[in-house]
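Only one structure is covered here, and it is reproduced in the block below.
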Amino acid sequence: MSEIPQRFTGQAAMEKQNEENFDLKEWAYTPRAFTEDDVVIKVECCGICGSDLHTITCGWSPRVAFPAIVGHEIVGKVIRAGSKSGHKLGDRVGFGAQCNSCRKCPNCARGLENYCLFGNVGTYQGKTGDKTQPVTQGGYADFYQGPGHFAIPIPDAIEPEVAAPMLCAGVTVYSPLKNYGAGPGKRVGIVGIGGLGHLALQFSKALGAETWAISHSERKKDDALKLGAVGFIATKDEKSVLKKHLASFDLLLVTSNQDDMPLRKLYLPLLKPYGNCIMVGLPNSGLPAPGGSLFGKSVSASGIGSPQELKDMFDLAVQKNVRTWIEKRPMGQATQAVQDMHEGKARYRYVLVNDDRSKL
């Protein structure tokens, strides 16, 4: 097993980032004190999530602790395992968007750690309580340390680079689809065909629902049909869409984070009475007011997934051959990969890879 360094090194945003010119720098930090609940993994790869960009540009909040290493779709092999971690050396595991919770509140007791009432700790920018490293640093790095409870076993049947984005993007769509009843006899619309949406199409189909893709233009129609959609709706002509599909969906899963989201004018009218519109994409500007179109409908939001949901998701992915569409980039090219992600070039997820040829 690899020697464990005293300092971990990654690609960090040293200050608030400009969307037109991202600039990540190599930076080393000392991780918080190791406990017997923890594992240390040697990072093999880490997906780039839209949340990473929202964080380092301060789009969601100005309260970001810089320097900041982001990345919460992390896969690697365990090189140090605490006696209470539940893992052993050599295990391949992954960390998603959450790396700890209080594990005592009613929600945690029900296996809903992602909705912890008192101590939900992010995989990066989470409070550690440690003076040496007061916030967690993420997976654009060579090593990562976190509690073993949140280190999810990665199935041998799924390549590490393909599995990595499922730890956030995958479970973020799987959890609401499962919990809101996507399945046989249900008509489900997936709004937005990107990093989340392309996995949502696959998981909706895997759960047995009649699955439609909904996107602004027909540019991604061929991909959507390959991913499992039985129909495709281009929303550019809203009047035509409403004429054909008014009140026809049981469930809409909105993965888009567009600032001019037509929630009132288009998405809610597409739902049947008592249908559900679930938001998993959050614009910087927040969600629009639904107005009278909300009558007889429900709008809610879903946040990532619990450790058990991650395990269940991987089981379904193996069974039904759900796979992320990825492009691999060397970890040392994180700046360019983040820039390309911001410019919408990913089809459909960039994954940063550590190997002997790429320097951090």
Side-chain angles (χ1 to χ4, degrees), residues 11 41 43-55 70-76 92-99 114 122-124 138-141 144 150-177 190 192-206 220 223-224 226-228 253 255-257 280-281 302-305 307 309-318 320-331 333-334 337-338 340-342 344-354:
Q11 298 289 318
I41 65 172
V43 175
E44 295 177 292
C45 54
C46 182
I48 297 178
C49 178
S51 301
D52 302 343
L53 280 65
H54 282 292
T55 298
V70 293
H72 57 205
E73 299 175 343
I74 314 167
V75 174
R92 177 173 281 124
V93 300
F95 282 92
Q98 180 182 16
C99 74
N114 51 316
T123 297
Y124 59 76
Y140 295 7
Y144 186 80
F150 291 87
I152 309 303
I154 303 299
D156 292 337
I158 304 179
E159 295 180 358
E161 296 87 355
V162 173
M166 294 184 182
L167 290 158
C168 178
V171 79
T172 293
V173 298
Y174 167 82
S175 176
L177 287 169
I190 305 300
I193 315 304
L196 276 71
H198 90 287
L199 284 167
L201 289 172
Q202 295 181 73
F203 277 119
S204 180
K205 178 186 177 183
K220 298 177 181 178
D223 283 354
K226 291 176 184 177
L227 289 160
L253 186 69
T255 71
S256 170
N257 62 5
V280 293
S302 180
I304 56 174
E309 285 178 318
L310 278 158
K311 294 170 186 176
D312 294 343
M313 176 202 68
F314 278 124
D315 287 344
L316 183 64
V318 170
K320 298 293 186 178
N321 197 34
V322 175
R323 297 294 186 270
T324 321
W325 289 14
I326 65 165
E327 179 182 332
K328 294 185 281 188
R329 296 285 188 89
M331 188 68 73
Q333 295 179 14
V338 166
D340 290 346
M341 175 82 166
H342 170 68
K345 296 178 181 178
R347 290 293 182 275
Y348 283 98
R349 210 67 165 182
Y350 290 128
V351 179
L352 299 172
V353 178
N354 277 321

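Hydrogens, waters and symmetry mates play no part in the numbers below; they use all other heavy atoms, side chains included. Sequence positions, counted from 1, serve as the residue numbers for this chain.
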Checklist entry - Mind checking whether Arg349 and Cys49 have side chains closer than 4.5 Å, heavy atoms only? => result yes
Checklist entry - Is the backbone N or O of Gly192 less than 3.5 Å from a side-chain atom of Thr255, with the two atoms forming a donor-acceptor pair by type? => result yes
Checklist outcome for this item: Shortest non-hydrogen pair, Ile74 vs Gly138, comes out as CD1-C, 4.3 Å
Checklist entry - Heavy atoms, side chains only, cut-off 4.5 Å: are Pro165 and Val351 in contact? => result yes
Checklist entry - Measuring from Asn321:CG to Leu316:CG, what's the distance to the nearest 0.5 Å? => result 11.0 Å
Checklist entry - Is there side-chain contact between Gln11 and Val338, with at least one heavy-atom pair below 4.5 Å? => result no
Checklist entry - Are any non-hydrogen side-chain atoms of Ile158 and Val318 less than 4.5 angstrom apart? => result yes
Next on the checklist: For Ala337 versus Arg329, what's the shortest heavy-atom pair and its separation?
Outcome noted: CA-NH1, 3.4 Å
Checklist entry - Is the shortest heavy-atom distance from the side chain of Leu310 to the side chain of Phe150 under 4.5 Å? => result no
Item to check | Euclidean distance, Asp340 CG relative to Ile48 CD1, rounded to 0.5 Å | outcome: 8.5 Å
Checklist entry - Do you know the tightest heavy-atom contact between Glu73 and Ala169? => result OE2-N, 3.4 Å
Checklist outcome for this item: Shortest non-hydrogen pair, Tyr140 vs Gly47, comes out as CE1-O, 3.9 Å
Item to check | side chain to side chain contact (heavy atoms under 4.5 Å, CB included) between Glu309 and Asn114, intermediate numbers included | outcome: CA-CA 10 Å; Glu309 285 178 318; Asn114 51 316; 4.2 Å; yes
Checklist entry - Got more than 12 heavy atoms from elsewhere within 6.0 Å of NZ, Lys205? => result no
Checklist entry - Roughly how far, to the nearest 0.5 Å, is OG1 of Thr324 from CE of Met166? => result 4.0 Å
Item to check | Backbone N/O of Val280 and side chain of Ser302: donor-acceptor pair under 3.5 Å | outcome: no
Next on the checklist: Per the side chain to side chain donor-acceptor pair (under 3.5 Å) rule, what does the pair list look like for residues 195-204, sequence neighbours excluded?
Outcome noted: Ser204-Thr211
Item to check | Asp52 side chain to Val70 backbone, donor-acceptor under 3.5 Å | outcome: no
Item to check | Close side-chain approach of Cys46 and Tyr144, heavy atoms under 4.5 Å | outcome: no
Checklist outcome for this item: Between Pro153 and Phe314, the two heavy atoms sitting closest are O-CD1, 4.2 Å
Checklist entry - What are the two closest non-hydrogen atoms of Met341 and Gly50, and how far apart are they? => result CE-N, 3.7 Å
Checklist entry - Below 4.0 angstrom, N of the basic side chain to O of the carboxylate: do Arg92 and Glu44 qualify? => result yes
Next on the checklist: Once side chain to side chain donor-acceptor pair (under 3.5 Å) is applied, what residue pairs with a partner in residues 150-174 remain, sequence neighbours excluded?
Outcome noted: none
Checklist entry - Hey, does Trp325 have a side-chain heavy atom less than 4.5 Å from the side chain of Arg347? => result no
Checklist entry - Quick one: does Pro307's side chain get under 4.5 Å of Ile152's, heavy atoms only? => result yes
